[in-house]
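Take a look at the structure below.
Reminder, nothing fancy here: chain letters follow the sequence lines and each chain counts from 1.
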Amino acid sequence: MAFSVTTPIYYVNSDPHLGHAYTTVAGDALARHHRQRGEDVFFLTGTDEHGGNVARAAEAAGMPPKQFCDEVSERFRRLTTAMESSNDFFIRTTDPEHERRVQDFVQHLYHDGHLYEGTYAGLYCSSCEVFYTEGDLIQPGNLCPIHNRPVEWVEEKNWFFPLSKWAPKLLELYDANPDFVRPRARYNEARSMIAGGLEDVSFTRATVSWGIPVPWEPSQTIYVWVDALLNYRTAQEYGLGRDVTAEFWPTSLHLMAKDILRLHGIVWPAMLLAAGYEPPRGLFVHGYFTTGGEKMSKTMGNVIDPFEVIDLLGADALRFYLMREVQWGQDGDVTWEGLHRRYEGELANDLGNLVSRATAMIVRYREGRVPEGRNALEPVHESVAARLDAVDLSGALEEIWTLVRSANRYVEEQQPWVLARSDEPEQVRALDDALYTLADTVRSLGVMLYPYIPASAEKILAAVGDPGAITWERAALGTLAAGSEVRQPEPLFPRVEK
RNA sequence: GGGGGUGUAGCUCAGCGGUUAGAGCAGCCCGCUCAUAACGGGUUGGUCGCUGGUUCGAUCCCAGCCGCCCCCA
């Protein structure tokens with residue numbers, strides 16, 4: 001089995017923020033989970049670097065575009081590293097290997113008659129090199145929101161992709177794949193967009209210089225979204241130093257926020273169908289964040305910086321918080337307060353403390369060896385796997401947490417500290433069972449939590465004498481060998497000053 | 001302007017035609033001591049955005065309105 005998963009490539013006109021971190025964690029958790037299921041995985045992320053918006057941001061920063069892109073892209077790369085993302089490749093659309101392939105792809109469409117020449121007209125700001133709609137502009141007077149100057153009505157010759165023509169094929173694709181877009185509401189949304197009629201899209205720009213030249217008409221550049229979407233294909237062709245499309249194409253799953261559903265659910269599959277490539281197997285569309293009920297923005301000064309969170313609480317804390325707090329597929333509200341609450345209440349108190357108490361008792365009552373016994377708790381790994389198969393990341397985590405809670409309840413019910421005072425064989429056996437249950441349950445939690453909090457999961461597995469045993473079969477209960485060596489680790493999630 | 005989503009306990013969210021609407025957190029009471037002063041039990045708390053409609057019966061279906069989010073114009 002092969003599984004390929006992508007985040008969108010992140011646009012370098014602004015710095016990395018929590019939304020980027022979110023999609024990256026989601027992709028990483030899925031990638032790690034599929035790897036632990038024994039599948040070959042290609043997990044892709046990267047940066048999108050062309051277009052008028054980037055050129056403008058570079059100019060504002062007083063830098064040539066490429067140098068600007070190098071710097072911002074590097075910050076995105078640092079975010080993936082800081083978050084312990086296990087992406088197999090980090091693509092940049094300014095990679096020459098990508099640029100060349102984008103030209104080939106577009107040339108191929110042109111050659112096969114899939115593009116036609118048309119007129120693109122709109123309100124254009126020559127400083128931004130961007131077309132605006134009236135709603136974007138400052139009224140009255142149609143002023144550019146960046147430059148506060150009137151925009152002008154500009155008409156340009158562009159090459160168009162006849163998207164409308166592909167509507168029947170797209171509908172076929174949707175009807176044949178009821179899970180093509182998840183969650184269901186987004187599928188309905190995309191499908192009704194198609195059924196309601198599509199506009200052809202301009203694939204080239206005459207007025208944007210920072211882009212990949214159109215091969216047969218080098219005065220124009222390829223529209224940045226065409227360039228960007230193609231990363232999913234080109235990365236598989238060169239990212240690993242060899243072409244892996246035979247194994248990983250079509251992409252199993254594209255992850256994205258709801259703002260770019262139309263591009264991924266409609267334009268992208270149509271492009272691929274036109275070129276004779278198989279469209280992706282599926283999309284998952286997640287929501288947007290607010291903080292304290294309001295949009296995050298620099299001007300509001302309410303931005304939560306992922307680097308700051310990682311510095312303070314660690315990558316696992318951020319990963320856990322994002323996957324736990326926000327219902328996967330819905331919009332959600334994230335705050336520092338909520339982050340601390342989850343960190344203390346769930347990571348430190350529920351999970352961290354469970355690991356501490358379980359290991360401490362085995363060290364204390366059984367010299368640090370896991371006794372013979374059987375696990376008395378109900379397993380959850382099957383429902384966890386089922387949730388993950390349905391790409392329900394927060395739902396799977398919720399399932400896992402029921403086992404964390406059961407284990408803490410189990411300790412209170414068994415009262416191992418009472419059993420430990422007796423030499424009666426029955427009590428000794430009861431204590432063995434209790435301690436085995438705890439060690440084995442903690443271990444199973446380590447396996448299931450590995451996709452979400454990999455560093456902590458590895459510490460858990462090492463603490464119960466089963467280091468590195470992350471394959472999914474080991475998520476089942478009762479697979480810990482008696483005699484395994486247990487030590488009490490340092491607190492996994494130490495208390496932190498707020 | 002058009003399309004889509006969303007609005008359920010103080011907070012984060014489940015539920016989605018049918019007995020007294022659920023969970024976690026927070027609050028309150030009690031228990032325990034293995035553990036990161038952690039854990040467990042109990043409990044308080046809701047006109048299910050508003051207004052109509054369909055129905056024997058609606059949080060759940062339909063219509064309109066309001067707030068917030070996204071896309072397209």
Side-chain angles (χ1 to χ4, degrees), chain A residues 19 122-123 131-136 163 181 183-199 201 256-267 285-296 321-322 324-335 337-366 392 394-395 397-399 401-402 404-421 431 434-435 438-439 442 463 486 488-496:
Chain A
L123 296 163
F131 282 94
Y132 287 106
T133 60
E134 275 186 37
D136 299 327
L163 188 61
V181 177
R184 190 72 200 175
R186 298 295 170 200
Y187 172 98
N188 293 338
E189 184 179 355
R191 197 187 179 290
S192 59
M193 279 192 254
I194 301 165
L198 298 172
E199 300 273 325
V201 289
M256 77 214 66
K258 60 186 182 180
D259 56 333
I260 50 179
L261 168 60
R262 195 181 62 87
L263 276 316
H264 284 78
I266 297 172
V267 178
V285 182
H286 69 246
Y288 260 46
F289 291 154
T290 53
T291 182
E294 302 194 307
K295 274 192 193 185
M296 272 191 235
Y321 178 63
L322 293 177
R324 180 85 170 122
E325 182 82 345
V326 179
Q327 294 302 304
W328 183 235
Q330 300 284 101
D331 288 348
D333 196 64
V334 295
T335 58
E337 191 194 354
L339 175 63
H340 278 108
R341 200 164 42 228
R342 292 282 185 189
Y343 181 84
E344 281 172 24
E346 297 190 324
L347 287 178
N349 297 349
D350 288 353
L351 177 65
N353 183 57
L354 172 66
V355 173
S356 288
R357 67 199 306 208
T359 53
M361 285 190 280
I362 291 168
V363 169
R364 186 154 158 179
Y365 302 139
R366 291 294 182 267
D392 181 1
S394 58
L397 198 43
E398 177 64 41
E399 291 286 340
W401 227 254
T402 63
V404 173
R405 296 205 179 93
S406 306
N408 277 318
R409 192 178 319 120
Y410 178 78
V411 176
E412 300 303 318
E413 287 163 2
Q414 298 304 309
Q415 304 184 58
W417 51 91
V418 174
L419 297 171
R421 292 181 205 134
L431 181 58
L435 295 178
L438 288 176
V442 163
V486 171
Q488 187 183 1
E490 290 297 303
L492 263 46
F493 305 99
R495 303 203 160 276
V496 170

Donor-acceptor contact below 3.5 Å, side chain Asn408(A) vs main chain Asp350(A)
yes
Taken in chain and number order and not counting sequence neighbours, the residues that satisfy ring-ring contact (aromatic ring centres under 6.0 Å, His included) with Tyr365(A) are none
Can you check nucleotides 1-10 of chain B for protein contacts, nitrogen or oxygen pairs under 3.5 Å, and list what you find?
unit_1	atom_1	unit_2	atom_2	d
G4(B)	O2'	Glu189(A)	OE1	3.1

Exercise. If we take the C1' atom in both C11(B) and C72(B), what is their distance in whole Å?
Worked result: 35 Å
**Prompt:** Do Thr291(A) side-chain atoms and Val334(A) backbone N/O form a donor-acceptor pair below 3.5 Å?
**Reply:** yes
task = Pick the P atom in G2(B) and in C65(B), then give their distance to the nearest Å.
result = 9 Å
Using the P atom as the reference point in each nucleotide, state the distance between G41(B) and C25(B) in Å, no decimals. 9 Å
request  = Considering just the side-chain nitrogens and oxygens of Arg364(A), establish if one lies under 4.0 Å of OP1 or OP2 belonging to A35(B).
outcome  = yes
When you compare A9(B) with G22(B), how far apart are their P atoms, in angstrom units rounded to a whole number? 14 Å
Taken in chain and number order and not counting sequence neighbours, the residues that satisfy salt bridge (Lys or Arg N to Asp or Glu O under 4.0 Å) with Arg495(A) are none
For nucleotides 36-43 of chain B, 5' to 3', base contacts (B), sugar-phosphate-only contacts (S) and non-contacts (-) with protein non-hydrogen atoms under 4.0 Å give B-SBSS--
Distance between P atoms of U47(B) and C28(B) (Å, rounded):
22 Å
Item to check | Distance between C1' atoms of A14(B) and C48(B) (Å, rounded) | outcome: 12 Å
Requested in this report: Considering only atom C1', compute the distance from C34(B) to G42(B) and round it to an integer number of Å.
Outcome: 23 Å
Here the distance between atom P of C13(B) and atom CG of Asp333(A), to the nearest Å, is 7 Å
*asked:* Keeping Ser394(A) on the side-chain end and Gln327(A) on the backbone end, is there a donor-acceptor pair under 3.5 Å?
replied: no
Against the side chain of Tyr288(A), the closest entry in C69(B), G24(B), C34(B) is C69(B)
### Task
Name the nucleic acid region contacted by Gly332(A), choosing base, sugar-phosphate or nothing; use a 4.0 angstrom heavy-atom cut-off, strictly under.
sugar-phosphate
Note on RNA chain B: ranges paired as stems (three or more Watson-Crick/G-U pairs in a row, both atom distances under 3.5 Å) are B:1-7 with B:66-72, B:10-13 with B:22-25, B:27-31 with B:39-43, B:49-53 with B:61-65
Residues passing the salt bridge (Lys or Arg N to Asp or Glu O under 4.0 Å) test with Asp392(A), sequence neighbours excluded, are Arg387(A)
In whole Å, what separates the C1' atom of G4(B) from that of U12(B)? 24 Å
field: Any donor-acceptor pair under 3.5 Å from Asp331(A) side chain to Phe289(A) backbone
entry: no
Ignoring backbone atoms, test whether Arg341(A) places a side-chain nitrogen or oxygen under 4.0 Å from the OP1 or OP2 oxygen of C25(B).
-> no
| said: Would you call the rings of Phe493(A) and Tyr343(A) parallel, tilted or perpendicular, taking 30° and 60° as the class edges? | reply: perpendicular
To the nearest angstrom, the CG-C1' distance between Leu438(A) and A35(B) comes to 11 Å
Atom OH of Tyr321(A) and atom C1' of C13(B) are separated, to the nearest Å, by 13 Å
Judged by nearest nucleotide, the residue sitting upstream toward the 5' end of RNA chain B, Glu398(A) or Ala360(A), is Glu398(A)
Arg342(A) CZ to C25(B) P, in whole Å, measures 10 Å
